[in-house]
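Following: one structure in structure tokens, then a few remarks.
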Amino acid sequence: VQLQASGGGLAQAGGSLKLACVPSGCFYTSCITGWFRQAPGKDREFVAVAWWTDGRPPRYADSVKGRFAISRDNAKNTVYLQMNSLKLEDTAVYYCAIGPRTSDSFTYYRRSSAYDSWGQGTLVTVSS
């Protein structure tokens, strides 16, 4: 599955951006969607994950909890990452990813190896 992430850009600290990832679907019976980010000179890190089934709520990295929200629009085949109260340290290239649901472990899906399809990334720059 080829993913396309968009919506990045320049935002002021305290502001908001909404990222989009297309498509949201996959070829597996059940899929997981994740968002990761990579800041300059740093390793890629987990941001959010959604299971989309069983009423299981999305999970977030502690650094974005309460500020970011993952959602999807099935009619548009799109997954979103709403980012509010942006901080300077949110500056990074953001990636969406899809993988098969083979586990209900949050720890498992914090790892990039749990996902097998990735978008090309969209740059988010937060300024003061």
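Everything numeric in this text was worked out from a predicted model, so none of it was measured.
Summarising the geometry of Ser105 relative to Ser103, their closest heavy-atom pair is N-OG, 2.9 Å, with the distance given to 0.1 Å. Closest non-hydrogen pair, Gly8 versus Thr122, comes out as N-OG1, 3.0 Å. Scanning both residues, Ala11 and Ser16, for their nearest heavy atoms gives CB-O, 4.5 Å. Taking both residues in full, the closest heavy atoms of Gly99 and Tyr115 are given as N-CD2, 3.9 Å, listed atom of the first, atom of the second, then distance. Between Tyr109 and Thr102 the shortest heavy-atom distance is OH-N, 2.9 Å.
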* Stepwise side chain to side chain contact (heavy atoms under 4.5 Å, CB included) test for Leu88 and Ser128 -> CA-CA 7 Å; Leu88 297 180; Ser128 59; 4.1 Å; yes
* From CA spacing to verdict: side chain to side chain contact (heavy atoms under 4.5 Å, CB included), Ser6, Leu19 -> CA-CA 6 Å; Ser6 62; Leu19 307 184; over 6 Å; no
* Evaluate side chain to side chain contact (heavy atoms under 4.5 Å, CB included) for Arg37 paired with Tyr95, printing each intermediate quantity in order. => CA-CA 6 Å; Arg37 67 186 182 186; Tyr95 300 88; 5.9 Å; no
* Asked: Does the pair Trp118 and Cys96 meet the rule for a side chain to side chain contact (heavy atoms under 4.5 Å, CB included), with working shown?
  -> CA-CA 6 Å; Trp118 291 81; Cys96 59; over 6 Å; no
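Contact annotation: the side chain of Val79 approaches that of Ile70 to within less than 4.5 Å [non-hydrogen atoms, C-beta and beyond]. The shortest side-chain heavy-atom distance between Tyr60 and Val47 does not fall under the 4.5 Å cut-off. Looking only at side-chain heavy atoms (C-beta outward), Met83 and Val124 come within less than 4.5 Å of each other. No side-chain heavy atom of Thr33 sits under 4.5 Å from any side-chain heavy atom of Arg72.
A salt bridge links Lys65 with Asp62: the closest approach of a Lys/Arg side-chain nitrogen to an acidic carboxylate oxygen falls below 4.0 angstrom.
For Glu45, the CD atom counts as densely surrounded, since its 6.0 Å shell holds more than 12 non-hydrogen atoms of other residues, nucleotides or ligands.
Taking the six-membered ring for Trp and the full ring otherwise, Trp35 and Phe46 have centroids separated by 6.0 Å or more.
Asp90 places a side-chain N or O within donor-acceptor distance of the main-chain N or O of Lys87, the cut-off being under 3.5 Å. Although no hydrogens or angles enter the test, the distance criterion places a donor-acceptor pair under 3.5 Å between the side chain of Thr78 and the main chain of Lys76. Panel note: side chain Thr91, backbone Val126; a donor-acceptor pair is recorded below 3.5 Å.
Clustering ILVMFWY residues whenever any of their side-chain heavy atoms sit less than 4.5 angstrom apart, transitively, puts Tyr94 in a cluster other than the one holding Leu10. Phe68 and Tyr80 fall into different hydrophobic clusters, where Ile, Leu, Val, Met, Phe, Trp and Tyr residues are linked whenever their side-chain heavy atoms come under 4.5 Å apart, directly or through other members.
Atom CG of residue Asp116 and atom CD1 of residue Ile32 lie 11.5 Å apart, to the nearest 0.5 angstrom. Atom-to-atom distance recorded for Leu81:CG and Cys21:SG is 10.0 Å, nearest 0.5 angstrom.
A cation-pi geometry, defined here as NZ or CZ lying under 6.0 Å from the six-membered ring centre and within 45° of its normal, does not hold between Arg59 and Trp51.
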